[in-house]
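Here's the structure, in structure tokens; my notes come after.
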Amino acid sequence: MAPKPRVRFAPSPTGELHVGNARTALFNWMFARHFGGEFILRIEDTDESRSALSYQLNLIDDLKWLGMDWDEGPQKEGAYGPYKQSQRLNIYEDHLQKLIATDKVYPCYCTEEELEEERQSLILSKRMPRYMGKCRNLSPDERKAREEQGRKHSYRFKVPHLTVEFDDLIRGAMKFEGEAIGDFIIVRSNGMPAYNFAVVIDDHLMAITHVIRGEDHLSNTALQIMLYRAFGFESPTFAHHCLILGKDRSKLSKRHGSVSVGEFRKQGILPEALINYLGLLGSSFTEGREVLSREEMIAAFSLERASKSGAIFDEEKLHWLNAIYIRNCENEDFIKRLFPFLQQAGYQPDKLDAQWLKNVIDTVKNDLIKLTDIGGHIRFFFDEQYELTDAAKEILATEGARKVVTTFGEYLAAAQGLPKDLYAGAIKYVKEKTGVKGKELFMPIRAALTGVVHGPELDRVFEVLGKEKAAKRLQQYNK
RNA sequence: GGUCCCAUCGUCUAGUGGUUAGGACGCUGGCCUCUCACGCCGGAGACCGGGGUUCAACUCCCCGUGGGACUACCA
């Protein structure tokens with residue numbers, strides 16, 4: 001790789017950022033960073049009816065959240081802009097003129113209804129539905145006649161009937177037969193450029209060296225290479241990675257559940273975890289390591305280690321990674337990230353004592369899978385949410401258990417000191433006085449103190465709860 | 001239907017002619033432990049089928065089969 005590579009991520013702002021697209025972005029980003037090249041963000045918004053600025057903003061926000069920075073693109077203009085296709089219309093027009101001048105294209109006057117009819121009849125006769133070239137050989141007079149009828153026209157590319165071969169960095173030698181491809185539209189009748197036309201021009205003008213994208217674009221590559229040749233442009237190197245699949249092995253889509261970066265973000269998946277998982281999925285450049293930082297992934301990245309077959313999205317593994325990242329998260333930073341989730345769970349973190357909240361979070365942090373889990377894990381620290389579950393009631397139903405609890409309360413009522421010492425003292429006292437130890441000793445105390453039978457270590461819980469709250473909760477058994 | 005791509009445990013993958021087919025998630029047994037989790041130690045679990053090539057195929061070739069993508073005036 002002699003010169004610095006230039007790669008791009010070119011989403012169309014027609015919906016939320018899909019994890020599959022995020023993975024494509026990640027591959028491009030890692031590739032650029034690994035080789036010290038440039039990562040460009042280009043917005044492909046030539047479909048005016050489906051594109052929306054809000055999606056574009058959303059997409060940019062998600063990319064930033066994931067920690068992928070671009071060297072050129074929206075909000076970071078560079079030497080090859082503009083980076084939004086709707087602002088490059090004059091460029092496409094100029095290039096169309098070049099193809100007209102060299103007789104590589106022709107106007108097509110067919111209406112969508114006519115095309116649909118042709119397609120259906122081809123399907124019925126069991127032939128490949130493709131454009132048969134009806135308008136390809138129209139005489140000047142025939143064209144004039146159609147113009148006079150006021151018919152709009154698109155422009156189609158005269159597909160040369162030769163085979164197109166190229167070397168895919170991930171898949172190796174690829175070969176497509178031109179015979180099977182119908183003349184495709186490069187400029188729509190509304191004057192907007194079609195996808196295959198615009199990408200070729202942009203990738204060339206933006207000096208893109210490597211096109212890394214999903215396998216769903218594999219067959220488009222043949223068409224694009226034809227255009228590169230028609231313009232006399234040099235083709236970039238292509239690399240088509242596999243797609244992310246749903247449980248049924250079809251392309252991951254909304255019907256499979258959560259698929260957008262935004263959704264995972266709302267669920268409290270950490271960006272580090274998502275990025276890490278997306279890097280792991282369908283590739284093996286990490287060489288057996290599973291938990292890697294962005295930097296480690298960049299260092300290890302290799303396109304050649306991307307797998308060729310589709311990979312099923314495994315939310316369980318994502319969760320496993322997320323839990324690891326939560327555990328490893330710096331406390332200060334973690335609480336900040338947790339704020340919106342605390343609010344969503346009905347708490348008012350800004351009105352709580354900061355140090356106390358920190359202690360609360362510290363004690364439950366290791367039990368969280370997702371940030372949205374927080375509510376359920378901290379509820380017993382709040383009096384208004386404290387209540388006994390059936391399991392806890394059962395534990396406390398025995399005479400021995402009540403004795404343990406009342407004895408514990410007895411000690412608390414009399415003793416003074418730091419919570420930590422109080423707890424140790426109380427446990428020792430109860431042990432001596434009742435002779436109970438182990439499960440019979442701790443479970444009743446846990447049940448009475450927290451109302452539930454699972455949770456963090458009891459000494460931690462007691463410390464955070466403090467003497468007042470603990471004593472109050474035990475009081476009801478002191479009858 | 002056509003073009004193209006793909007094929008190792010349930011899932012993500014390692015493996016590049018000779019391995020007890022390795023790891024991770026999940027599942028599971030045990031240890032740790034007041035509980036859950038974490039952690040640690042174990043277990044079950046895979047080379048789609050058939051032909052070749054070869055002394056030897058998971059690995060190379062062919063044919064099936066299966067899955068997928070594309071087949072738009074969407075990208």
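Chain naming here is simple, since letters A, B, ... match the order of the sequence lines and numbering starts at 1 in each.
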Checklist line | Touch class at under 4.0 angstrom, heavy-atom based, for A:Ser283 against every strand present | finding: sugar-phosphate

Item checked: Check: A:Arg446 side chain, B:rC34 base, donor-acceptor under 3.5 Å -> yes

Checklist line | B:rG1 - base-pair partner by Watson-Crick or wobble geometry, distances under 3.5 Å | finding: B:rU71

Next item on the list: Looking at every strand, decide which applies to A:Ile312 at a 4.0 Å heavy-atom threshold: base, sugar-phosphate, or nothing.
Entry: sugar-phosphate

Item checked: side-chain hydrogen bond (donor to acceptor under 3.5 Å, both in side chains) involving A:Glu177 - partner list, sequence neighbours excluded -> none

Check: Between A:Glu44 and A:Arg213, is the closest basic N to carboxylate O distance under 4.0 Å?
Finding: no

Next item on the list: Assign A:Glu44 to base, sugar-phosphate, or nothing according to its heavy-atom contacts below 4.0 angstrom with the strands shown.
Entry: sugar-phosphate

Next item on the list: On RNA chain B, check which nucleotide each of A:Lys251 and A:Cys242 is closest to and give me the residue with the more 5' one.
Entry: A:Cys242

Check: Which part of the nucleic acid does A:His319 contact within heavy-atom distance under 4.0 Å: base, sugar-phosphate only, or nothing?
Finding: nothing

Margin query: Under 3.5 Å for both donor-acceptor distances, Watson-Crick or wobble: does B:rA7 have a partner, and if so which one?
Written below: B:rU65

Check: B:rA75 phosphate, OP1 or OP2: any side-chain N/O from A:Thr46 under 4.0 angstrom?
Finding: yes

Notebook entry, point to check: What is the nucleic acid contact for A:Met174, judged by heavy atoms within less than 4.0 Å: base, sugar-phosphate only, or nothing?
Noted result: sugar-phosphate

Check: Any donor-acceptor pair under 3.5 Å between the side chain of A:Ser189 and the base of B:rC73?
Finding: yes

Checklist line | Evaluation steps, ring pair (Phe, Tyr, Trp, His ring centres under 6.0 Å), between A:His95 and A:Phe231 | finding: CA-CA 8 Å; A:His95 283 76; A:Phe231 281 121; 5.4 Å; yes

Checklist line | side-chain contact (heavy atoms from CB on, under 4.5 Å) partner of A:His18, chosen from A:Leu59, A:Leu252, A:Ile244 | finding: A:Leu252

Note to self: Heavy atoms from C-beta onward define the side chain here; which of B:rC38, B:rU35, B:rC73 lies closest to that of A:Arg327?
What the structure shows: B:rC38

Check: Taking only side-chain nitrogens and oxygens of A:Arg249, does any of them come within less than 4.0 Å of OP1 or OP2 of B:rC12?
Finding: yes

Check: Has A:Lys175 got a side-chain N or O lying under 4.0 Å from the OP1 or OP2 atom of B:rC5?
Finding: no

Next item on the list: Could you tell me whether A:Cys110 contacts a base, only the sugar-phosphate backbone, or nothing, with contacts defined as non-hydrogen atoms closer than 4.0 Å?
Entry: base

Margin query: Say we look at B:rG39 and B:rU71: how far apart would their P atoms be, to the nearest angstrom?
Written below: 45 Å

Notebook entry, point to check: Closest nucleotide of RNA chain B for A:Ser250 versus for A:Pro193: which of these residues is on the 5' side?
Noted result: A:Ser250

Next item on the list: Quick one: label A:Arg289 by what it contacts on the DNA or RNA (base, sugar-phosphate, nothing), any heavy atom closer than 4.0 Å.
Entry: nothing

Item checked: Pairing partner (Watson-Crick or G-U wobble, both distances under 3.5 angstrom) of B:rU19 -> none

Next item on the list: Return the orientation label for the A:His240 and A:Phe238 ring planes: parallel under 30°, perpendicular over 60°, tilted otherwise.
Entry: parallel

Note to self: Roughly how many Å apart are B:rC9 and B:rG23, using the C1' atom of each and rounding to a whole number?
What the structure shows: 12 Å

Margin query: Starting the side chain at C-beta, find the nucleotide from B:rU11, B:rU35, B:rA24 nearest to A:Lys439.
Written below: B:rU35

Checklist line | A:Cys135 side chain near A:Arg156 side chain, heavy-atom distance below 4.5 Å | finding: no

Check: Hey, is the side chain of A:Arg188 poking within less than 4.0 Å of OP1 or OP2 on B:rC74, counting only N and O atoms?
Finding: yes

Notebook entry, point to check: With both distances under 3.5 angstrom, what nucleotide forms a Watson-Crick or G-U wobble pair with B:rG42?
Noted result: B:rU28

Next item on the list: For a salt bridge (charged side-chain N to carboxylate O under 4.0 Å, His left out) with A:Glu387, tell me which candidate from A:Arg473, A:Lys393, A:Arg379 qualifies.
Entry: A:Arg379

Next item on the list: Look at all strands and tell whether A:Lys437 reaches a base, only sugar-phosphate, or nothing, counting heavy atoms closer than 4.0 Å.
Entry: nothing

Check: Taking the same atom, P, in B:rA37 and in B:rC32, what whole-Å distance lies between them?
Finding: 15 Å

Next item on the list: Remember a base hit wins even if backbone is also touched, and classify A:Leu280 as base, sugar-phosphate or nothing at under 4.0 Å, heavy atoms.
Entry: sugar-phosphate

Checklist line | Integer angstrom distance from the C1' of B:rG51 to that of B:rU65 | finding: 14 Å

Note to self: Under 4.0 Å, counting only non-hydrogen atoms across every strand here, what does A:Asn220 touch: a base, just sugar-phosphate, or nothing?
What the structure shows: base

Note to self: Between A:Ser284 and B:rA14, is there a contact of a side-chain N or O with OP1 or OP2 at under 4.0 Å?
What the structure shows: yes

Next item on the list: Remember a base hit wins even if backbone is also touched, and classify A:Leu115 as base, sugar-phosphate or nothing at under 4.0 Å, heavy atoms.
Entry: base

Next item on the list: Under 4.0 Å between any heavy atoms, over every strand shown, what does A:Arg305 touch: base, sugar-phosphate, or nothing? Just pick one.
Entry: sugar-phosphate

Item checked: Test log, rule side-chain hydrogen bond (donor to acceptor under 3.5 Å, both in side chains), inputs A:His256 and A:Asp248 -> CA-CA 9 Å; A:His256 292 112; A:Asp248 62 355; 2.7 Å; yes

Check: Using the P atom in both, what is the distance from B:rG43 to B:rG2, to the nearest Å?
Finding: 49 Å

Check: Which part of the nucleic acid, if any, lies within contact of A:Glu457, taking any heavy atom under 4.0 Å across all strands shown: a base, the sugar-phosphate backbone alone, or nothing?
Finding: base

Check: So what does A:Arg130 touch, heavy atoms closer than 4.0 Å: a base, only the sugar-phosphate, or nothing?
Finding: nothing

Note to self: What is the separation between atom NE2 on A:His18 and atom C1' on B:rC74, rounded to the nearest whole Å?
What the structure shows: 15 Å

Notebook entry, point to check: Which value, in whole Å, describes the distance between the P atoms of nucleotides B:rG52 and B:rG17?
Noted result: 22 Å

